[in-house]
Structure formats: structure tokens, C-alpha cells
Amino acid sequence: MIKLYNTLTGKKEEFVSITPGRVNMYACGITVYDYSHLGHARGAVVFDLVRRYFQRKRYTVTYVRNFTDVDDKIINRAREEEKSADEVARTYIDAYNEDMQRLGVGPADIEPKATEHIPEMIEIITGLVEKGHAYAVDGDVYFRVASFPDYGKLAKRNLEDMRAGARVEVDERKQDPLDFALWKASKPGEPAWDSPWGPGRPGWHIECSAMGFKHLDQTFDIHGGGKDLIFPHHENEIAQSEAFSGRKFVNYWLHNGFVNINQEKMSKSLGNFFTIRDILDQYDAEIVRLFLLSTHYRSPIDFSDGNLKDARAGLDRFYTMKEGINNFLAGRGAPSEKPEHLVESIDRPLYDKILNLPRAFDDAMDDDCNTAFAIGLIYDLVRDVNKFLSEVENKREDAVIVVLSSAARAFDDVGSTLGLFLRDPEEWFREGRLIGKIAMPVEQIEEYVSQRNTARERKDWAEADRIRDILDEAGVVVYDRTGGTVWKPK
RNA sequence: GGCGGCGUAGCCAAGUGGCUAAGGCAGAGGUCUGCAAAACCUCCAUCAUCGGUUCAAAUCCGAUCGCCGCCUCCA
């Protein structure tokens, strides 16, 4: 049973889909006027994970994530760069897709653009006007908030409080300061579409209703986005959608917490943001992904170099273990006896724990996608497997093979849902953590390592240590195992 | 001003009524090693403060302090 925290009710609730075995979900994407920052990455990773988890639980998922490609900021950017709004949008959509690909976030099933749904939006706005939920003034159309009694149910505020605390300048043409634009008359030179109210462009909120209706249904299972979208964006979506359809718009509203920097929200307006691509130039994508999933999705997460380094250390630990498993398994065939029988002779509790990992993982994920706990389970088992590996000499080889190969399978199983821990250890140590860390060509490192080994054979420890210091200086750490010397980026 | 959230070890972070408060990073001691590194073992918290409810609270209620978010574009 999957439980999800629903912003609408303020509680964790058992998830029941509208159609058994199917999940229709929509997540608000980005406004494409600039490169995306780590906050956008978090939302994308989180909802990608929600999708993956439902798939793991054998749901058929239809995931819609939109691009807002018409908006003031895009228009401004286009003006600055002397390009068309369309070109600006296309540039940043491509950049976003590239960032997502690097982060291991798969494409949504449908990635609709606002500009491709103008007729659908006009249809909804027309309907709202006809029903008295909206009114036109000078080519603009506003939603009449007072006509929708449930307004405020998501953000949990009432109209009087909002009017009292309104910091917005009051637009005289609005009947109520809280009314919001469904359609805006275009000024000369701005993108414009024909409408019953004259040439104009859509307001921000209406696109998500139109695209949700079209690609999912008038009622769908899950709608996600950042916490900052709760009000007004999602509140307005509910108002216009439900006023139009007369049906409940969305059953479960999910909102992810922010990425903070020094306890403050990372945002464009504060200017304290790092773009995804800047971060990925310094840290491997898996590090970033592990960092983002190490904290529960609803909590704030603080971005700092130290926290990224912790994530990197965690991956080192995992891949060191995986390397140990691979090294043992390499060149050894399958055991001749049945696994169950063999395992009895060595480490039943460990074997059970390994076999139980996927179930324990699911229990954690069932609880509102508790990735932090789920990852803790994995590291708990990493320690057990390491311990087992360190005692492997005294055990029956074929039994060890059974235990280690089952461990590898269990880690792959849960890792494939998280999108973590899936690489070849070799690749991780050589490429994953290497970015920007080594100030020496690989050939030269290999040369030093071999010189050092020669020195060690002579028992010339002074020379061996001298070379080790040189490598250390360059960011390379070297260590001597029974099987030979291995080097890794520090 | 209104509404909401948070405060768990040096740091990050699970845990929302009851076994020894997960896991990671850093640190200390030990095993291994030529010395190291990695790995393993051991050690390292009464949960912001105060009061209350309860047989029992980090977990529920109230107050206080501190931090943050939304109320305007924002993932």
C-alpha cells in the first residue's frame, strides 16, 4: 500500500488510483527562458522517482510534464537577445532536456508546450465566461474568484485574509484583487493568438488545466510541483478546472521542498542559484542525484560543497563494496549445489537480509517515498556485505558465490528504481568521481604507480613513499592490495 | 499582518506514542599493512527551551526562543 502526503488534505493518505493499475500524473515543468538550476533538478528528479516507483509496483503510468513557452520573461529575454520568443523557448527546452538526460531523468510520456494548446485554453476560458466564472475587460479575461466557493482549499487560506494581506497593486479593472488573468491582451510586438476577446496570449495558470484535461482527463490521480507553486498557481488551477468541469480536478497534490543555500531558498530572484550544468561540470550526475535523494522530498535540502562531498564519499563506499563483489565473482562459475542448501552452511541471517532488501526498500518507499530511509537500508547492507567480504577466505567458495551474487542482484534491483548504484565500479572510480580532481594524465599516473611498485619490490620504502606523495599531490590516492596496486582519484 | 513548515550527535539525515533514537560524513582507539589507504571491530545523542496529557513522548497539547517558506514571477 502506497501512502502519499497530499497537500490538499494535509495528511498522508493511502493511494488509490482512479483506474486500477493505472496512474495519471502531471508535474509542472519549467518556464523556458534560462538555464535550469538545481531547484528545478530536484523537482524533476523527485517526480521521475515517483513515476519509477509506481512502475516498479506494476502500475502503468502516464506522466505529463509541460513546458511553459509563452510568458513575460521569455518575451523579455527574446527582446534582450533580439530573437523570437520561439527561438528562446526552443534553446532552453533543448538545454533542459540535455540536463535531464545527464541527471538520469527520463523524458515524460508527454511533454506538451503551452503554445500548442491555445485552442484548448480558449475553449476552457469561453466555458468559464459562459458559466459566469470569468469576465472579459479590454481584451483581458479574469477568473472571478468569488464565484468559486472552494477557493483557498489547497493553500488553506480564506479570501478575507488574502485580501487583507494583499501586497499586490490592485488592478482597477479587476472586480476583486484576487481575480487572476486567464487571458491577456497582447501589446504590439508580443506573441499573439486570435481569440473571442481579441489578439492575446494565455495567462500562466490556464495552460496546466488545458494540458491536464487533454492528455490525462478532467480528473486525474497526481499533480506535482514545487512548494512555491501551491499558491497561487495550483490553487488557481483547481479553481478554473473545477469551475469548468464541475468535477474534482486532482486527487493527490504532491509538492517537493526547496533547495536552499545557506538556509535560503535557491531562486532566480535572489540570484543565489547554480545551474544544473555548472554543477554537473564539477560533480558527477550520480553524486547530484544521490544528494537530492538523501533527503525526504518534502524537506528543504541545503546545497553545499560539503554535502556533495558526503554524497561522493557514499558512492565511493558503495562502489568499493561492489568492486569487492565483482572481484570475487570474476572467473568463478555458478555453484553446483542449490543456493538454499549452500547458504545454510555460512551466513543465513545475511542471506535473508539480502533477499529481503527489495521488500524493505518497498516499505520505505510506500511511506511517502522515503528515499532517505531507503538509502539508509542500502548502506546498512553495504556494511554487512563488506564484513562478509572481509571474512570470505574461511568460507565455502560456492556458498560465497551464492551470497555475493544475490547481493549484487538485490542492489541492482533497488538501484534501478533509484537510478543509483548501477555503474561498473571501474567506471565510477575512473570517470564518475574524477571530474576536475586530477592534475595529471592517466599515462603518467600509471608510470608512477609502476615505478613505485618496482621500488616496493626492492623494499625501497623511501622511494615508494616519495612517489606516493607526488601522486597524492596530484589528487591521486594509491593503495596496495593483495591482488596488486590500485589508484583512484582522491 | 495572515497562513504553513522546521529545530534530532561536530556536520548531513531517518524516526511522529512503547524493543538498545536508522544510515552516512567527520573524529578517537584497535585489526590488517613495510608504512599507508580501503575494509572490518569498538566508541561518540535522552531529540531547541519550559510546562502539560499519558502507565509510557523526540513523537500528542500549550507557551517561549530561533530559522525558513508562501501571501508578487518562482521547482
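Throughout, a chain's letter reflects where its sequence line sits, starting with A, and its residues are numbered from 1. Below, each value reflects all heavy atoms present in this structure, side chains not excepted, and no hydrogens, waters or symmetry copies.
Sequence neighbours left out, the pairs with a member in residues 254-276 of chain A that pass salt bridge (charged side-chain N to carboxylate O under 4.0 Å, His left out) are Asp34(A)-Lys268(A), Asp228(A)-Lys265(A).
Here the nucleotide nearest the side chain of Asn386(A), chosen from A39(B), A37(B), A75(B), is A39(B). The side chain of Phe258(A) lies closest to A75(B), out of A75(B), C25(B), C41(B). Considering only side-chain atoms of Pro232(A), the nucleotide from G69(B), C71(B), A37(B) that sits closest is C71(B).
Comparing C61(B) with U53(B), their C1' atoms are spaced 7 Å from each other, to the whole Å. Taking atom P in both A57(B) and G18(B), the straight-line distance is 11 Å, to the nearest Å. Between G66(B) and U54(B), the two C1' atoms lie 29 Å apart (nearest whole Å). Atom P of C50(B) sits at a distance of 32 Å from the matching atom of C70(B), rounded to the whole Å. Comparing the same atom, C1', in U16(B) and in G1(B) gives a spacing of 31 Å after rounding to whole Å. A22(B) and A58(B): their P atoms are spaced 14 Å apart (whole Å). Taking atom C1' in both G23(B) and A13(B), one finds a spacing of 8 Å when rounded to whole Å. If you take atom P in U46(B) and the same atom in G10(B), they sit 9 Å apart, rounded to whole Å.
Nucleotide C40(B): paired with G30(B) (Watson-Crick or G-U wobble, both distances less than 3.5 Å). Across all strands shown, G69(B) forms a Watson-Crick or G-U wobble pair with C3(B), both key distances being under 3.5 Å. Base-pair partner of A45(B): not found among the strands shown (Watson-Crick or G-U wobble, both distances under 3.5 Å). With a 3.5 Å ceiling on both atom-pair distances, the Watson-Crick or G-U wobble partner of C60(B) is G52(B). Under the Watson-Crick or G-U wobble criterion, with both distances below 3.5 Å, C19(B) is left unpaired in every strand shown.
When the side-chain hydrogen bond (donor to acceptor under 3.5 Å, both in side chains) test is applied to Gln175(A), the partners found at least two apart in sequence or on another chain are Arg144(A). Partners of Glu323(A) under the salt bridge (charged side-chain N to carboxylate O under 4.0 Å, His left out) rule, at least two apart in sequence or in another chain, are Arg481(A), Lys488(A).
For the pair Arg312(A) and G24(B), the criterion of a side-chain N or O lying under 4.0 Å from OP1 or OP2 is not met. Note on Arg317(A): a side-chain N or O is less than 4.0 Å away from OP1 or OP2 of G24(B).
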Exercise. May I have the step-by-step check of salt bridge (Lys or Arg N to Asp or Glu O under 4.0 Å) for Glu286(A) and Arg289(A), ending in yes or no?
Key: CA-CA 5 Å; Glu286(A) 190 173 8; Arg289(A) 205 175 159 95; over 6 Å; no

Quiz prompt | Stepwise salt bridge (Lys or Arg N to Asp or Glu O under 4.0 Å) check, Asp347(A) with Lys395(A) | solution = CA-CA 10 Å; Asp347(A) 198 334; Lys395(A) 299 183 191 292; 5.3 Å; no

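Between Tyr379(A) and His40(A), the residue anchored nearer the 5' end of RNA chain B, judged by the nucleotide with its closest heavy atom, is Tyr379(A).
Atom-to-atom, CG of Asp34(A) to P of A75(B) comes out at 11 Å; the value is rounded to the nearest Å. We find that CG of Asp316(A) is positioned 13 Å from C1' of A39(B), with the value rounded to whole Å. Residue Tyr319(A) contributes atom OH, which lies 16 Å from atom P of A39(B) at whole-angstrom precision. Straight-line distance from the CG atom of Leu315(A) to the C1' atom of G23(B): 14 Å, rounded to whole Å. Put simply, CZ on Phe303(A) is 19 Å from C1' on C68(B), counting in whole angstrom units. The CG atom of Leu293(A) sits 20 Å away from the P atom of A75(B) (whole-angstrom rounding). In this structure, Leu381(A) atom CG and G23(B) atom P are separated by 12 Å, rounded to whole Å.
Within 4.0 Å (heavy atoms only), Gly43(A) reaches no atom of the nucleic acid at all. Within the 4.0 angstrom heavy-atom criterion, base atoms lie near Asn256(A). Residue Gly306(A) is out of contact with every strand shown, counting any heavy-atom pair closer than 4.0 Å. Met321(A) comes within contact range of no nucleotide atom at all, as no heavy-atom separation falls under 4.0 Å. Residue Lys268(A) is classed as having no contact, given no heavy-atom separation below 4.0 Å to the nucleic acid. Val486(A) comes within contact range of no nucleotide atom at all, as no heavy-atom separation falls under 4.0 Å. If you check every strand for non-hydrogen atoms under 4.0 Å, Gly324(A) touches nothing. The residue Val46(A) sits apart from the nucleic acid: no heavy atom pair falls under 4.0 Å. Backbone-only contact: Leu229(A) has heavy atoms under 4.0 Å from sugar-phosphate atoms and none from a base.
Residue Lys353(A) places its NZ atom among more than 12 non-hydrogen atoms of other residues, nucleotides or ligands, all under 6.0 Å distant.
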Residues 36-44 of chain A, side-chain donor-acceptor partners within the protein, below 3.5 Å, at least two apart:
| from | atom 1 | to | atom 2 | distance (Å) |
| --- | --- | --- | --- | --- |
| His37(A) | ND1 | Gly39(A) | N | 2.9 |
| His40(A) | ND1 | His37(A) | N | 2.9 |
| Arg42(A) | NH1 | Gly257(A) | O | 3.0 |
| Arg42(A) | NH1 | Phe258(A) | O | 2.9 |
| Arg42(A) | NH1 | Ser299(A) | O | 2.7 |
| Arg42(A) | NH2 | His296(A) | O | 3.0 |
| Arg42(A) | NH2 | Tyr297(A) | O | 3.4 |
| Arg42(A) | NH2 | Ser299(A) | O | 2.7 |

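Taking the six-membered ring where the residue is Trp, the centroids of Phe54(A) and Tyr63(A) are separated by 6.0 Å or more. Under the 6.0 Å cut-off for aromatic ring centres, Tyr35(A) and Tyr92(A) qualify, their centroids lying closer than that. Aromatic ring centres of Phe220(A) and Phe249(A) lie closer together than 6.0 Å.
For Arg157(A) and Phe231(A), the positive end sits near the middle of the six-membered ring, less than 6.0 Å away and at most 45° from its axis.
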Practice problem: Scan nucleotides 2-21 of chain B nucleotide by nucleotide, 5' to 3', and note B when protein non-hydrogen atoms come under 4.0 Å of the base, S if they reach only the sugar-phosphate, - if neither. | Solution: BS--------SSSS------

Exercise. Take nucleotides 27-34 of chain B nucleotide by nucleotide from the 5' end and write B, S or -, depending on whether a protein heavy atom sits under 4.0 Å from the base, only from the sugar-phosphate, or from neither.
Key: -------B

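In this model, no donor atom of one side chain and acceptor atom of the other lie less than 3.5 Å apart for Tyr319(A) and Asp424(A).
Residue His223(A) forms a ring pair (Phe, Tyr, Trp, His ring centres under 6.0 Å) with just one option from Tyr252(A), Phe47(A), Tyr26(A), and that option is Tyr26(A).
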